[in-house]
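Sequence positions, counted from 1, serve as the residue numbers for this chain. Bear in mind the structure is a predicted one, so any value in this text is a computation, not a measurement.
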Amino acid sequence: MYAAHVVAKKVSEMGEEKTLKGAGRVFLAAILGGVFIGLGYYIHLESIHLFPHSPIGQVLGALLFPTGIMLVLFTGAELFTGNCLMTLGYLDNRYKMTAVLKNWIIVYVGNFIGAILLAFLIKQTGFITESRLETLMALVEPKLSRTFIEAFTLGFLCNVLVAIAVYSTFASYSEIGQFVTLWFPITLFVLAGFEHSIANMFILPLGLFSGMEITWETIFIKNILPVTFGNITSGALFIPILYYMIYIHDK
């Protein structure tokens, strides 16, 4: 493994590489990112459906969900929650905050389009039978019944784990090491029930497309927005600022 201060510098350099990408390339990679995260969540849904009313389904789904983020990182796709770490490079004076905000906006919109596209395609397959719809409702309804502070806090805790999972992949020399360091934090956030804004961009519209009595306004106001704010607060402020102060500031 690389030393901790080297890892911090490598994450900072990663942000610089992202700011140099063309907007069109970033957008297309973000669409793929939304699709991959949605696929990870669909695996989670299927696992719970296969083992109804059993903790086995929850555990299996949590173990398989990291597939989506692995696809993002290992194929060069773009994911908003991981890109929140770009503030570390800004603090390291590698680029301006306007470059970070530009990347976030493009990636967030691209992730949303990819997740919505996958939700639409899954609905067209006919897979959402009556029994699967019950499982889907059990996942969706709690997400839309929380207060703003509850959704925000769950989003904060989620991106503590997602951001540190992405961060920790830079510590390994090998793909196997990156795979292992990524797997467990992502499994933990899913099993704990924390909230990931991009994953919810897939599962909530899938519920809407499948006939659940929800609206786009409810999806955004009750979940996507507070969860996004929570994801940003931890992934773009809490984790990067602390690691900047520990390993980069005044070094």
Considering only heavy atoms from C-beta outward, does the side chain of [X] approach that of [Y] to under 4.5 Å?
{"X": "Ile69", "Y": "Thr81", "value": "no"}
{"X": "Phe202", "Y": "Ile37", "value": "no"}
{"X": "Leu204", "Y": "Leu144", "value": "yes"}
{"X": "Val160", "Y": "Phe189", "value": "no"}
{"X": "Leu20", "Y": "Tyr95", "value": "no"}
{"X": "Leu133", "Y": "Leu136", "value": "yes"}
{"X": "Val107", "Y": "Val26", "value": "yes"}
{"X": "Phe80", "Y": "Asn159", "value": "no"}

Are any side-chain N or O atoms of [X] and backbone N or O atoms of [Y], one a donor and one an acceptor, separated by less than 3.5 Å?
{"X": "Thr153", "Y": "Ile149", "answer": "yes"}
{"X": "Thr187", "Y": "Ala62", "answer": "yes"}
{"X": "Ser234", "Y": "Phe156", "answer": "yes"}
{"X": "Ser168", "Y": "Ala165", "answer": "yes"}

Self-check item: Parallel, tilted or perpendicular: rings of Phe220 and Phe112 (30°, 60°)
Solution: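 Tilted: the ring planes of Phe112 and Phe220 meet at 30° to 60°.
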Exercise. Measure up the Tyr247 and Tyr243 rings against each other and bin them: parallel (under 30°), tilted (30 to 60°), perpendicular (over 60°).
Key: parallel
Exercise. List the steps, then state whether side-chain contact (heavy atoms from CB on, under 4.5 Å) holds for Leu63 with Trp183.
Key: CA-CA 8 Å; Leu63 288 170; Trp183 192 278; 3.8 Å; yes
Quiz item: How about Tyr244 and Tyr90: are their ring centres within less than 6.0 Å of each other?
Solution: no
Exercise. List the steps and the verdict of side-chain contact (heavy atoms from CB on, under 4.5 Å) for Phe209 and Ile116.
Key: CA-CA 10 Å; Phe209 296 156; Ile116 290 287; 4.3 Å; yes
Check the hydrophobic clustering (I, L, V, M, F, W, Y; side-chain heavy atoms under 4.5 Å; chains of links allowed) and say if [X] and [Y] are grouped together.
{"X": "Val227", "Y": "Leu208", "answer": "no"}
{"X": "Leu206", "Y": "Leu64", "answer": "no"}
{"X": "Ile56", "Y": "Phe65", "answer": "no"}
{"X": "Phe184", "Y": "Met1", "answer": "no"}
{"X": "Leu117", "Y": "Trp216", "answer": "yes"}

Closest approach of [X] to [Y] (non-hydrogen atoms, all atoms of both residues):
{"X": "Phe179", "Y": "Met70", "value": "CE1-CE, 3.0 Å"}
{"X": "Leu88", "Y": "Ala8", "value": "CD2-O, 3.5 Å"}
{"X": "Asn231", "Y": "Cys84", "value": "O-SG, 4.2 Å"}
{"X": "Val166", "Y": "Leu182", "value": "N-CD1, 4.4 Å"}
{"X": "Leu85", "Y": "Ala163", "value": "CD1-O, 3.5 Å"}
{"X": "Ser210", "Y": "Ile128", "value": "OG-CG2, 3.5 Å"}

Self-check item: Chi angles and distances behind the side-chain contact (heavy atoms from CB on, under 4.5 Å) call for Leu32, Thr75
Solution: CA-CA 10 Å; Leu32 286 174; Thr75 67; 6.0 Å; no
With rounding to the nearest 0.5 Å, note down the distance linking [atom1] in [X] to [atom2] in [Y].
{"X": "Leu121", "Y": "Thr125", "atom1": "CG", "atom2": "OG1", "answer": "8.5 Å"}
{"X": "Asn223", "Y": "Met201", "atom1": "CG", "atom2": "CE", "answer": "10.0 Å"}
{"X": "Leu101", "Y": "Ile106", "atom1": "CG", "atom2": "CD1", "answer": "11.0 Å"}
{"X": "Leu91", "Y": "Met97", "atom1": "CG", "atom2": "CE", "answer": "8.5 Å"}
{"X": "Lys21", "Y": "Leu28", "atom1": "NZ", "atom2": "CG", "answer": "10.5 Å"}
{"X": "Thr169", "Y": "Ile164", "atom1": "OG1", "atom2": "CD1", "answer": "10.0 Å"}

Greater than 12 external heavy atoms within 6.0 Å of [X]'s [atom1]:
{"X": "Phe127", "atom1": "CZ", "result": "no"}
{"X": "Phe238", "atom1": "CZ", "result": "no"}
{"X": "Phe120", "atom1": "CZ", "result": "no"}
{"X": "Tyr108", "atom1": "OH", "result": "yes"}

Self-check item: Full working for side-chain contact (heavy atoms from CB on, under 4.5 Å) between Gln58 and His44
Solution: CA-CA 8 Å; Gln58 294 283 354; His44 180 60; 4.0 Å; yes
Self-check item: Glu217 bridged to Lys222 by N-O distance under 4.0 Å
Solution: no
Quiz prompt | For Lys143, side-chain hydrogen bond (donor to acceptor under 3.5 Å, both in side chains) partners two or more places apart | solution =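 Partners of Lys143 by the side-chain hydrogen bond (donor to acceptor under 3.5 Å, both in side chains) criterion, ordered by chain and then number, come out as Tyr41, Glu195, Asn200.
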